[in-house]
Amino acid sequence: MGVADWLRGGRSSASGDDIEGRSRALVVRQNEYGYDAFGLSRDHLRTAARLASWLYRYYFRAEAHGIENIPASGRVLFISNHSGQLPYDGLVIGMSVFLEPPQPRLVRSMVEHFVPTVPFVSYLLSRWGQITGTPENCRRLLNDDEAILVFPEGARGISKPFSKRYQLADFGLGFMRLALETGTPIVPVAVIGAEEQAPAINLRSIAKLLGSPSFPIVPYPPFVPLVPLPVKYRLYFGEPMTFTGDADDDDEVLDEKARAVKHRIQSMIHLGLRERKHVFW
Amino acid sequence: MSSGEPTAAEPRKVVITGIAGRLGRVVARRLHHDPRFRLVGLDRRPFVGKPKDLDHYQVDLRSKKARDIFRAGDVAALIHLGVMHDPRATPAELYSWNVGGTSRLLEYAQAYGVPKVVLLSSANVYGPRPDNPQFQTEEAPMLASQRFPHIRDLVEIDHLASTFFWKARAIETVILRPVHILGTVHNAPSNYLRLDPIPTLLGFDPMVQVIHEQDVAQAIAAALAPGARGIYNIVGPGEVPLSVLLAELGRRVIRIPHPLARGLWSAAFRLGLSGYPVAELDFIRYVCMVDGSRAEHELGFRARHSLRETIRAVDEPADI
């Protein structure tokens, strides 16, 4: 049986997970052609999940704690630390929410605005349920009771150098405004492992020359972070946090609430690091 | 100075600009059998297959004769479909026709007390952009003219009408911004879908919204209801990836890498082989979709044709 057959669904999956059944159990609003309004297709998603579940189980050997904190239904915002030069943390969180709880959920993350300009990536990500990161999209999906993953550190987080690992960068406030506006509970997530998957230093001078926010290099070929090291991922899902208040409040008021989420994630990170014996196993 | 008072006599006189075009005829057919309306056509072109009891004035929008239609003061509604999109016309000609013509019409409407003005704009005024939200509401800025000189006129007309909405509060102004209209019409999206093979961009497959031409006519009829006023996005039955739309039509598809496509496209346009200016490639590259919930709630408008019927409509023979 070839790889293509396996991807199409010859057997359940290499990881032993019931990808077929879990895909069927996902709640998706699809039209007569099998697409939802954001371009998600269950068929595309199933194919991607077969590959991703292999990465999840065998490459990153991910371990998830606090699965009971993932709501089986209803709107929810997953807020997590972001790191590792490449957004595998998003993939692992997405797979965890899809594979681990009794009721699989689709988590949508907000992709950067340049992504729709990249051939193939542009539409494949949308087939897998990922969305362009705008407040309008987020609001619409939360009002439809969907699950959204936000990295409030944004680019500051993913491109941080190795020396800054497990130190949270400043949080944006957009997620808190949306949570207040739509009455959405926040599930804090700490990701341990991703921060070591591509130990990089940032060459500021070259970044400046290229006009990009960062230019990371890693100490192994091909020296640019393309392939992550096979670190072990440990995810901690915290208890849902509910906030009340005016979404249009001043930044200082919102900042206080956002900081409460940040502190929760930071303390889960400390806990996770204490429990961890080794980066790779 | 104007008489201002529309006569109370039934049926109401409704002036339709651009009535001789395909969409104009679809709209005319939809409203013609409605006993509440008496239709009057206003178009430079002859009206092929005109019903006998329909008055058609084959004159320019900007002419004195066009003004005379309104002068009697008995026009109950103006439906302005006469926006010209011909990419081959000179920009000056287009501007004069579209923007000049529209501002004249609005002037007449105000001077002679037309109580209802319906403008058919387009959801394209928002423009396809990589950072667009999946669905734009009526409040979104009309950014299309940044990149598309050919849409600039349409954006300007839309602006003219929204200014008019605030300026002439006594008049019920309705601006409709429908998504890509499919059917027997000869507009850019329908013509594109009638190509065989259809060129697309390699690695791009944006979600698109389409609407059946008869559903647009229905939306226009809904806009004529007394009390209806405002700006409305008009959506069809749903959203599909462009590739699914092409597969439904069973067309052959040529996927061209984007950098190559730009060159080919602009050469083809200059040679007269293609009717699409190169900037319009963005319509098959990025999303430009709208939220139609306001029209659903306030106008009670819901498209009746299914996605499949809407897509297939481009291959239907025109019955006129």
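What you are looking at is a predicted structure, and each value in this text was computed from that prediction instead of being measured. The figures that follow rest on heavy atoms only: side chains count, while hydrogens, waters and symmetry mates do not.
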Using a cut-off of under 4.5 Å on heavy-atom pairs, state which of A/F120, A/Y33, A/F114 scores highest against chain B.
A/Y33
By a 4.5 Å heavy-atom criterion (distance strictly below it), what part of B/E248 contacts chain A: side chain, backbone, both, or neither?
side chain
Run B/E316 and B/R312 through salt bridge (Lys or Arg N to Asp or Glu O under 4.0 Å) and show every step you take.
CA-CA 7 Å; B/E316 272 165 27; B/R312 292 268 170 95; over 6 Å; no
Charged N to carboxylate O under 4.0 angstrom, A/R177 versus A/D249?
no
Within 6.0 Å of CZ in B/R255, more than 12 heavy atoms from elsewhere:
no
Heavy-atom donor-acceptor pair, A/S159 side chain to A/A155 backbone, under 3.5 Å
yes
Would A/R105 pass as a cation-pi partner of A/F98, given that its NZ or CZ must be under 6.0 Å from the six-membered ring centre and within 45 degrees of the axis?
no
Contact leader toward chain B among A/D36, A/T117, A/T134, where contacts are heavy-atom pairs under 4.5 Å:
A/T117
Among residues 286-307 of chain B, which ones touch chain A with a heavy-atom distance under 4.5 Å?
B/Y286, B/M289, B/D291, B/S306, B/L307
Establish, from distance only, whether the side-chain atoms of A/R127 and A/Y35 form a donor-acceptor pair under 3.5 Å.
no
Of the listed B/V240, B/D131, B/L202, B/D205, the one with the largest count of heavy-atom pairs under 4.5 Å with chain A is B/D205
Please classify the contact of B/R129 with chain A as side chain, backbone, both or neither, using a heavy-atom distance under 4.5 Å.
neither
So does A/E146 pair up with A/R75, basic N to acidic O under 4.0 Å?
no
Which answer fits B/L245, side chain, backbone, both or neither, if we ask what part of it has an atom under 4.5 Å from a heavy atom of chain A?
neither
Apply side chain to side chain donor-acceptor pair (under 3.5 Å) to the pair B/T184 and B/E213, showing each step before the final yes or no.
CA-CA 8 Å; B/T184 60; B/E213 56 188 9; 2.9 Å; yes
Which pairs count as salt bridge (Lys or Arg N to Asp or Glu O under 4.0 Å) when at least one residue sits in residues 186-199 of chain B, sequence neighbours excluded?
B/D196-B/R252
May I ask you to test the B/P189-B/V210 pair for a side-chain heavy-atom distance under 4.5 Å?
no
Please state whether the side chain, the backbone, both or neither of A/V115 comes within less than 4.5 Å of a heavy atom of chain B.
neither
Most contact-rich option vs chain A, by heavy-atom pairs under 4.5 angstrom, among B/H258, B/R308, B/Q136, B/Q209, is B/R308
